[in-house]
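Each remark here refers to the structure printed beneath this line.
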Amino acid sequence: MKDRLAQAAAEAQANAYAPYSGYKVGAALQAEDGRIFIGVNVENASYGLTNCAERVALGAAVTSGARRFDRLVVVSDASPPSAPCGACRQVLAEMGTDMVIEAVGPSGSRSWKLTDLIPDPFGAEDLAP
C-alpha cells in the first residue's frame, strides 16, 4: 500500500483483539491538521461491549485534542470491503460530515463521503428544548 493512511490502518489491523469473531479491523483517521490517529477493534465476551476500530481511532484523536477530520481509512479482510457500522457513522458525524471514508480489503477499496452513509445524523441541535 502506497497511501500512508491506508498503510497505518493495515499495520494497526495486526493488533486488533478479535478472539471471538476473528474479524480484525484497523482504522486510521486523519485530522485536518494532518495528524493520524489509529485504532483497532477490541472485542469482548459480552459483544455489546465491543469497540469498533473507527471509534477507538476517534477516541485517540479526541484525547489528543483533534476535533475535525478529513479522511478515515478502515482495513479489514471483508470482500467487498465494508463501510463502518451505524454506530460508528453516528459518532463520526458528531465531528462533521465532510470526511471521506475509505474501506480497504483483499478485493480492492470503496469510498464514500460520510454524508452519503448517514445523510441525516442526530446532533446537538436535536437536543434543544
Looking at [X] and [Y], what are the two nearest heavy atoms and their distance?
| X | Y | result |
| --- | --- | --- |
| Pro81 | Gly108 | CG-O, 3.2 Å |
| Arg4 | Gly34 | NH2-O, 3.2 Å |
| Phe37 | Ala31 | CE1-CB, 4.1 Å |
| Trp112 | Ser82 | CH2-C, 4.3 Å |
| Pro80 | Ser107 | CA-OG, 3.7 Å |

Could you tell me whether a side-chain N or O of [X] sits under 3.5 Å from a main-chain N or O of [Y], the two making a donor and an acceptor?
| X | Y | answer |
| --- | --- | --- |
| Glu102 | Ser111 | no |
| Ser109 | Ala103 | no |
| Arg68 | Glu32 | no |
| Thr63 | Gly59 | yes |
| Glu54 | Cys88 | no |
| Asn41 | Tyr23 | yes |
| Arg35 | Gln30 | no |

Measuring from Met95:CE to Leu114:CG, what's the distance to the nearest 0.5 Å?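 Result: 12.0 Å between the selected atoms.
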
Among Ile36, Asp3, Ile101, which residue meets the side chain to side chain contact (heavy atoms under 4.5 Å, CB included) test with Arg71?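 Only one option passes, and that is Asp3.
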
Among Asp70, Val75, Val73, Leu29, side chain to side chain contact (heavy atoms under 4.5 Å, CB included) partner for Leu5: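 Testing Leu5 for a side chain to side chain contact (heavy atoms under 4.5 Å, CB included) against Asp70, Val75, Val73, Leu29 leaves exactly one candidate, Val73.
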
Heavy atoms from other residues, nucleotides or ligands near CG of Asp33 exceed 12 (cutoff 6.0 Å):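 Correct, the count exceeds 12.
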
Are any non-hydrogen side-chain atoms of [X] and [Y] less than 4.5 angstrom apart?
| X | Y | result |
| --- | --- | --- |
| Arg89 | Pro121 | no |
| Phe69 | Leu58 | yes |
| Leu127 | Phe122 | yes |

Mind checking what makes side-chain hydrogen bond (donor to acceptor under 3.5 Å, both in side chains) contact with Asp126, not counting sequence neighbours?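 Asp126: no side-chain hydrogen bond (donor to acceptor under 3.5 Å, both in side chains) contacts found.
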
Would you please name every residue forming a side-chain hydrogen bond (donor to acceptor under 3.5 Å, both in side chains) with Glu11, sequence neighbours left out?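 Checked Glu11 against side-chain hydrogen bond (donor to acceptor under 3.5 Å, both in side chains); matches are Gln7.
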
Do Gln13 and Val40 pass the side chain to side chain contact (heavy atoms under 4.5 Å, CB included) test, and can you show the C-alpha distance, the side-chain angles, and the key distance before you say yes or no? CA-CA 6 Å; Gln13 181 189 20; Val40 298; 5.9 Å; no

Count I, L, V, M, F, W, Y as connected when their side-chain heavy atoms are under 4.5 Å apart, and connections chain through other members. Are [X] and [Y] then in the same cluster?
| X | Y | result |
| --- | --- | --- |
| Leu92 | Ile38 | no |
| Ile118 | Leu72 | yes |
| Leu117 | Val74 | yes |

